[in-house]
Structures are given as structure tokens and as C-alpha cells.
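Heads up: the structure comes next, in C-alpha cells.
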Amino acid sequence: MSETRSPRETFHALLDGITAGRFAELGALYAEDVVVETPLEPGGPGRFEGRKVLAERFALLGEQSPLELSARNVVVRGTDDPEVIVAEWDYEVRHRTTGRRLTAANIQVLRVRDGLIVHSRDFHDHLALAVLTGTLPQLVAALEAE
């Protein structure tokens, strides 16, 4: 009989999968009815519902992203609720084409039940990533059009 992953173990499996570029595997870490919120993603939808939607998003990232990510300074804190953790870390990011580098801060608040992420609030430094990828002008134009 296999043991269910703890919230911390689930987060580390997620982070390891992202940094290794195994995006096709990441959907399996989420519950069927998961809700992921990205309240600070400029111009983004801000909310994703369902494992299928996330798996499609991860597949797209895996195919299109020119970024190489390494996690540093990872700190995971428990809360009064045994299902909820708060993870803080930095990504050391390298653009594969240009060679440019930067550090991007991240925070996630995860609710994990039975080894699967059922809810996540993700706070990533999207602006720094837009600068690195050269998409900041398009992002600004999209925001101005709203």
C-alpha cells in the first residue's frame, strides 16, 4: 500500500517537476476540481478551475517556454490547518536563447488533501519574467487596452 504525500511533499514534487521541465506530469498533482488563483498575474485570467485546464496550461508552458528555472531559498511553513502550507522561494531564471538571467520571487498558499492540490493561490513575479522574455511592451499594451 502506498502512502499519501503530505502537503510539503506534494509541493516539493510540484517544484521538482517544474524545475526539471516535466510539465506533462504536473497535472497529476492536482485534484480533478482544483482551483488555482493567480491574483497578481497582470492581464491573466486570475483563476483556473479543474485538473484538465491546468494540464493544458502546463503542456503549453512546456512547449513554449524559453526559460530555465532553478529553485533557491525554498522555505515551506505549516499552518494551523494541516492541509495548508505556505511556500516561499526564488527562481533563478535563465533565458535559453538570450542567456539573460534574473531572480524571481514566488509565494504559494496550497491546500493539499489526500496528496493532491485542491486549492492554490500563486504569487509570482510576472513582471520580472515579462522583462526577461521581452514581452513587457505587449503586456503594457494589453493592460492599457483593458
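We're numbering straight along the sequence, starting at 1.
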| request: Show your working on side-chain contact (heavy atoms from CB on, under 4.5 Å) between Ile18 and Leu26 and close with a plain yes or no. | output: CA-CA 8 Å; Ile18 291 170; Leu26 299 179; 3.6 Å; yes
| task | Before giving the answer on side-chain contact (heavy atoms from CB on, under 4.5 Å), spell out for Ser70 and Thr19 the whole-Å C-alpha distance, their side-chain angles and the decisive distance to 0.1 Å. | result | CA-CA 6 Å; Ser70 300; Thr19 57; 5.7 Å; no
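Contact check on Glu32 versus Lys52 returns no salt bridge, with no Lys/Arg side-chain nitrogen under 4.0 Å from an Asp/Glu carboxylate oxygen. A salt bridge links Glu41 with Arg57: at least one charged nitrogen is closer than 4.0 Å to a carboxylate oxygen. Arg72 has no carboxylate O lying under 4.0 Å from a charged side-chain N of Glu92, or vice versa, which leaves the two without a salt bridge.
Side-chain atoms of Glu9 come within 3.5 Å of backbone atoms of Ser6 as a donor-acceptor pair (strictly under, hydrogens ignored). The backbone N or O of Ala104 sits less than 3.5 Å from a side-chain atom of Asn106, completing a donor-acceptor pair. Arg111 places no side-chain N or O within 3.5 Å of a backbone atom of Glu83 that could act as its donor or acceptor partner. Of the possible donor and acceptor atoms, none in the side chain of Thr10 sits under 3.5 Å from a partner among the backbone N and O of Leu116.
Rounding to the nearest 0.5 angstrom, the gap separating the CZ atom in Arg101 from the NE2 atom in His95 is 12.5 Å. Expressed to the nearest 0.5 Å, how far CD of Glu68 lies from CZ of Arg94 amounts to 4.5 Å. Taken to the nearest 0.5 Å, the CG atom of Leu54 stands 13.0 Å off from the CZ atom of Phe23.
A 6.0 Å sphere centred on CG of Asp81 holds more than 12 heavy atoms belonging to other residues, nucleotides or ligands.
By the rule that hydrophobic residues join a cluster once side-chain heavy atoms approach within less than 4.5 Å of another member, Val131 and Phe123 end up as members of separate clusters. The hydrophobic clustering, which links ILVMFWY residues whose side-chain heavy atoms are closer than 4.5 Å, places Val112 and Val76 together. Linking ILVMFWY residues whenever their side-chain heavy atoms come closer than 4.5 Å, directly or via other members, leaves Val35 and Ile85 in distinct clusters. Leu40 and Leu139 fall into different hydrophobic clusters, where Ile, Leu, Val, Met, Phe, Trp and Tyr residues are linked whenever their side-chain heavy atoms come under 4.5 Å apart, directly or through other members.
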